[in-house]
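Note sheet for the following structure.
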Amino acid sequence: MKFYITTPLYYINAEPHIGHAYTTIAADALARFYRMADYDVFFLTGTDEHGQKIAEAAKKQGVSPQQLADKNSETYKKLWKNLGISYTRFIRTTESSHEKVVEKVFRKLLEKGDLYKGEYTGHYCVPCEGYYIPEDEDSPLCPDCKRPMNKISEPSYFFRISKYAGRLRKYIEEHEFVKPDFRKNEVLNLIKSGVCDVSITRKNVEWGIVSPTPEKYTVYVWFDALLNYLSGIGYLHDEGLFEKYWPANVQLMAKDIIRFHNVIWPCMLMALDLPLPETIFAHGWWITGKEKISKSKGNAVSPGKIIEEYGVDALRFFLLREVPFGLDGEYSDETFKKRYNSDLVNDLGNLVNRTVNLVETKLSGTVAYSDTDNGLAEISAAAYENYEAKMKALALSEALEEAWKLVSALNKFLDEKAPWREGSTGVKQVLYSTVSGIRDCAIMLAPFIPESSLKIWRILGLPGDPCEYNFAALREKLPDGLTTQKREILFPRKK
RNA sequence: GGCGGGGUAGCUCAGCGGCAGAGCAGCCGGCUCAUACCCGGUAAGCCGGGGGUUCAAAUCCCCCCCUCGCUACCA
């Protein structure tokens, strides 16, 4: 079984902020989950590097657009490395293999008659890089940034979305394609309210892929960027790879680019006679106070700073645990600290620490195999079963809740058995079961907090890396004679 | 304006015809292996307002109020 997951390509004119990290971390957790569930996973992410904004930013900095792109895409790569992102491939839209695919697709659709030449008239907002209908025709202001827009009229090639809109509408109605569910109606309304053919070339934008037409236009950045989902797995140049992974199983993005992914993108695929992805999932935004976090609003929360203060796993955990995947979340240092201290420090970290301490003091650090029948194995199995279902449904926060049921059960189990008490019986069995349960936690949590899972693994004296085990390991008995290693505070408490 | 979601404990939310729930915060107690942790108990709600259907309504129907989305760029 294969699993192909994508994030959008991030537009490199901005520093990566928590929103970019959010999408990518979610995709990473899913990729890791499916790997551990024994799927053949392809996880694609990358950067979107064309367009007028990039050209202008480069000019301002006195470098070429390509130089700027090289530098900024590196920033993303670095952050992903720091966040433990296990992508299969990092694609850049300036790669020649991608550019060739865009050209080929353009030609293909042109020949098919799905692209045609027309005249585009509209108001263009340079900073927002978009065409909008202004409220006031006489003094057109961008509806978003309120800056004046230019009226533009130019020849352009259009993509015949209108030809596919009906088919798409029917498809969306009949399939579990648009996710979360509450978006389905929104998208259907979007389509019903009339979908215009979109202009996909720009006459006056130089930094972009040149259209294979008599006139040398550049390809509109979105048309260019969306095709990465195909080019990134070999479309039209590595058919074996492509056949293996297409269609995508999950395509993640934030809710603001739903339109591109749920309307334009599937129409492009239909025009190319390709099957549609299984799921297009739009998650919510992180806001501070009442505002969306974005660079232009100047309220960006820096993932780098959080990592420095709390560690990578704390950030990964917070983002995926705090808010039901799909809804907006409010970010604040307070909520972060609270979630960190209560879940990671108190529940999980302390559980590991107290258990290992008991193994050291009561069993001289060695956990011998014990036949046990105390209900913990059942709790673990049930937790996993629910966790697996939640993961497959993309209910990431709920999957974590399921795993936490085991964490809580283990803390409770220890309290009830009180192996530290004078004359406590069955200490060996109790600690064997507890350690085994912690092992199971480490496995289930590995997709979310891989670094910490590995630490737990090592502290328990288990060989290898939980990420390299698959979930089948949950059904195996904990090996005999494990020797716990030096205790380590997994998550230091924050005041 | 059109379409849609939501208003339930102090906070975040689940429940969507059959005794009002969870997590967090609060309070009380227990434990003292552990990162002042952990475990147990407990209080707390005219389920936005009004009307209706029903043996029975937080839940279904109608009206109203408030609120948030989408309709229009950015993860």
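Both backbone and side-chain heavy atoms feed into the values below; hydrogens, waters and symmetry mates do not. In what follows, chains carry the letters A, B, and so on, assigned in the order in which the sequence lines appear, proteins first and then strands, with residues in each chain numbered from 1.
Of the candidates B:C70, B:G30, B:C3, B:G30 carries the atom nearest the A:Asp415 side chain, counting heavy atoms from C-beta on. Listed candidates were B:C74, B:C24, B:A34. Nearest to the side chain of A:Lys338 is B:C24. In this structure, the nucleotide among B:C39, B:C70, B:C74 sitting nearest to the side chain of A:Asp256 is B:C74. Nearest nucleotide to the A:Asn185 side chain, out of B:G69, B:G4, B:A34: B:G4. Considering only side-chain atoms of A:Trp222, the nucleotide from B:C33, B:U35, B:C74 that sits closest is B:C74. Side-chain proximity of A:Leu490 to B:G30, B:C37, B:U35: nearest is B:U35.
Straight-line distance between the P atoms of B:G7 and B:C47: roughly 14 Å, to the nearest whole Å. Look at the C1' atom in both B:C46 and B:A57: the space between them is 14 Å, to the nearest Å. Between B:A20 and B:C33, the two P atoms lie 44 Å apart (nearest whole Å). Spacing between B:G21 and B:G15 at atom C1', rounded to whole Å, works out to 7 Å. Remark: the separation of the C1' atoms in B:C66 and B:U8 is 16 Å, to the nearest Å. For the P atoms, the distance from B:A22 to B:G41 is 11 Å, rounded to whole Å. Spacing of C1' atoms, B:C16 relative to B:U59, comes out at 4 Å, to the nearest Å. B:A58 and B:G52 have their P atoms separated by 15 Å, given to the nearest Å.
In this entry the distance linking NZ of A:Lys337 with C1' of B:U35 reads 16 Å, nearest Å. Put simply, CG on A:Leu414 is 12 Å from P on B:A34, counting in whole angstrom units. To the nearest angstrom, P of B:C74 lies 16 Å from CD1 of A:Ile12. The OH-C1' distance, from A:Tyr10 to B:C73, rounds to 18 Å in whole Å. Between the CZ atom of A:Arg183 and the C1' atom of B:G4 there is a distance of 11 Å, given to the nearest Å. One can place CH2 of A:Trp420 at 11 Å from P of B:C39, the figure rounded to the nearest angstrom. Between the CD1 atom of A:Ile258 and the P atom of B:C73 there is a distance of 10 Å, given to the nearest Å. Whole-Å rounding puts the A:Trp285 CH2 to B:C70 C1' distance at 11 Å.
Checking the phosphate oxygens (OP1, OP2) of B:A72, no side-chain nitrogen or oxygen of A:Arg259 falls inside 4.0 Å. Within the structure, a side-chain polar atom (N or O) of A:Lys412 is placed less than 4.0 Å from OP1 or OP2 of B:G40. A:Asn346 has a side-chain polar atom (N or O) that falls below the 4.0 Å cut-off from OP1 or OP2 of B:C38. Contact check, A:Asn353 against B:U35: a side-chain N or O comes under 4.0 Å of OP1 or OP2.
Between A:His261 and A:Tyr229, the ring planes are tilted. Angles from 30° to 60° get that label.
Looking at A:Lys179 and A:Asp181, a side-chain N of the basic residue comes within less than 4.0 Å of a carboxylate O on the acidic one, giving a salt bridge. For the pair A:Arg89 and A:Glu95, the salt-bridge criterion is met [side-chain N within less than 4.0 Å of a carboxylate O].
Remark: B:C60 base-pairs with B:G52. Criterion, Watson-Crick or G-U wobble with two distances under 3.5 Å. Across the strands present, B:G69 finds its partner in B:C3; the criterion is a Watson-Crick or G-U wobble pair with both atom distances under 3.5 angstrom. When Watson-Crick and G-U wobble pairs are counted only if both distances are under 3.5 Å, B:U12 pairs with B:A22.
Toward the 5′ end of RNA chain B lies the nearest nucleotide of A:Asn411, the other residue of the pair A:Lys255 and A:Asn411 mapping further downstream. In terms of position along RNA chain B, the nucleotide closest to A:Arg421 lies nearer the 5' end than the nucleotide closest to the other residue of the pair A:Ser342 and A:Arg421.
Inspection of the A:Thr24 and A:Tyr76 side chains reveals no N or O donor paired with an N or O acceptor under 3.5 Å. For the residue pair A:Ser436/A:Ser433, the side-chain donor-acceptor check at 3.5 Å is not satisfied.
Residue-level contact check: A:Phe413 touches neither bases nor backbone, having no heavy atom under 4.0 Å from any strand. No engagement by A:Asp328 is indicated, since no non-hydrogen atom pair under 4.0 Å with the nucleic acid exists.
Of the possible donor and acceptor atoms, one in the side chain of A:Asn386 sits under 3.5 Å from a partner among the backbone N and O of A:Ala382.
Shown are A:Lys337, A:Lys338, A:Arg339; of these, the salt bridge (Lys or Arg N to Asp or Glu O under 4.0 Å) with A:Glu322 is made only by A:Arg339.
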